[in-house]
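Just so it is clear, the values below take in all heavy atoms, side chains as well, and ignore hydrogens, waters and symmetry mates. Quick note: residue numbers are just sequence positions, from 1.
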Amino acid sequence: MRKILYFSAAWCGPCKTLAPIMDGLSGEIVFNKVDVDQDQELSAKYGVRNIPTLILLNEFGEEVGRKVGMQSKESILNFYNG
């Protein structure tokens with residue numbers, strides 16, 4: 001099953017804007033929200049330097065796509081289903 005890792009932080013303005021969009025997609029896509037301040041190890045593993053960052057993982061947990069910055073609902077759905 002595909003999954004998105006959604007890297008974010010409480011202090012990040014664009015992350016605050018993206019949060020309700022991601023919450024609204026919770027029934028349509030599978031994602032795990034990762035706070036970059038709380039999970040620095042995972043952030044480092046994926047080389048996250050800017051937030052918000054969405055990383056699409058395939059069923060084997062391998063990265064198959066990445067989007068950085070604010071995204072629309074449609075863009076996220078296309079990215080996930082693409």
Side-chain angles (χ1 to χ4, degrees):
M1 176 189 336
R2 305 182 105 181
K3 173 172 66 173
I4 289 178
L5 294 179
Y6 162 35
F7 291 87
S8 179
W11 48 263
C12 165
C15 300
K16 291 177 185 176
T17 305
L18 184 59
I21 295 171
M22 292 300 290
D23 290 342
L25 288 170
S26 64
E28 299 179 59
I29 66 172
V30 177
F31 68 91
N32 290 3
K33 188 172 182 178
V34 180
D35 185 314
V36 295
D37 294 324
Q38 301 292 324
D39 197 340
Q40 294 177 0
E41 188 176 313
L42 192 60
S43 301
K45 174 183 175 183
Y46 285 98
V48 174
R49 292 182 179 83
N50 298 297
I51 52 175
T53 294
L54 304 176
I55 298 177
L56 182 62
L57 304 177
N58 65 17
E59 60 272 15
F60 306 109
E62 301 164 330
E63 180 177 341
V64 293
R66 179 180 296 232
K67 289 206 172 272
V68 179
M70 185 59 203
Q71 305 294 322
S72 68
K73 178 180 180 179
E74 294 76 20
S75 171
I76 296 167
L77 284 171
N78 289 338
F79 175 61
Y80 183 80
N81 294 318

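- With Arg2 contributing its side chain and Leu56 its backbone, the two residues share no donor-acceptor pair below 3.5 Å.
- The structure places NZ of Lys67 at 12.0 Å from OG1 of Thr53, a figure rounded to the nearest 0.5 Å.
- The hydrophobic cluster containing Leu77 also contains Met22, counting ILVMFWY residues as joined when their side-chain heavy atoms lie under 4.5 angstrom apart, directly or transitively.
- In the hydrophobic clustering of this structure, Val34 does not group with Val64; members are Ile, Leu, Val, Met, Phe, Trp, Tyr whose side-chain heavy atoms approach within less than 4.5 Å, directly or through other members.
- Distance OG/Ser43 to CZ/Arg49: 11.5 Å, rounded to 0.5 Å.
- Contact record, Gly24 with Glu28: O-OE2, 4.1 Å, taken as the closest heavy-atom pair.
- Annotation for Ile21 and Ser72: closest pair CG2-C, 4.5 Å, computed over non-hydrogen atoms.
- Considering every non-hydrogen atom in both Ala10 and Asp35, the closest pair reads N-OD2, 4.4 Å.
- You'll find the side chain of Gln71 stays beyond 4.5 Å of the side chain of Phe79, heavy atoms only.
- Looking at every heavy atom in both residues, Phe7 comes nearest to Ile55 through CE1-CD1, 3.6 Å.
- Linking Ile, Leu, Val, Met, Phe, Trp and Tyr whenever their side-chain heavy atoms come within less than 4.5 Å puts Leu54 and Ile29 in one cluster.
- Note on Ile4: it clusters hydrophobically with Met1, by side-chain heavy-atom contacts below 4.5 Å among ILVMFWY residues.
- In this structure, Ile51 and Val48 approach most closely via the heavy-atom pair CG2-CG1, 3.9 Å.
- Tyr6 is listed as a side-chain neighbour of Leu18, based on a closest heavy-atom distance under 4.5 Å.
- Residues Ile76 and Phe31 fail the side-chain proximity criterion, which asks for heavy atoms closer than 4.5 Å.
- Around the CG atom of Asp37, the shell of radius 6.0 Å holds more than 12 heavy atoms that belong to other residues, nucleotides or ligands.
- Interatomic distance, NZ of Lys33 versus CG of Leu5, reported as 13.5 Å (0.5 Å rounding).
- Within the 4.5 Å cutoff, side-chain heavy atoms of Arg66 are placed close to those of Tyr46.
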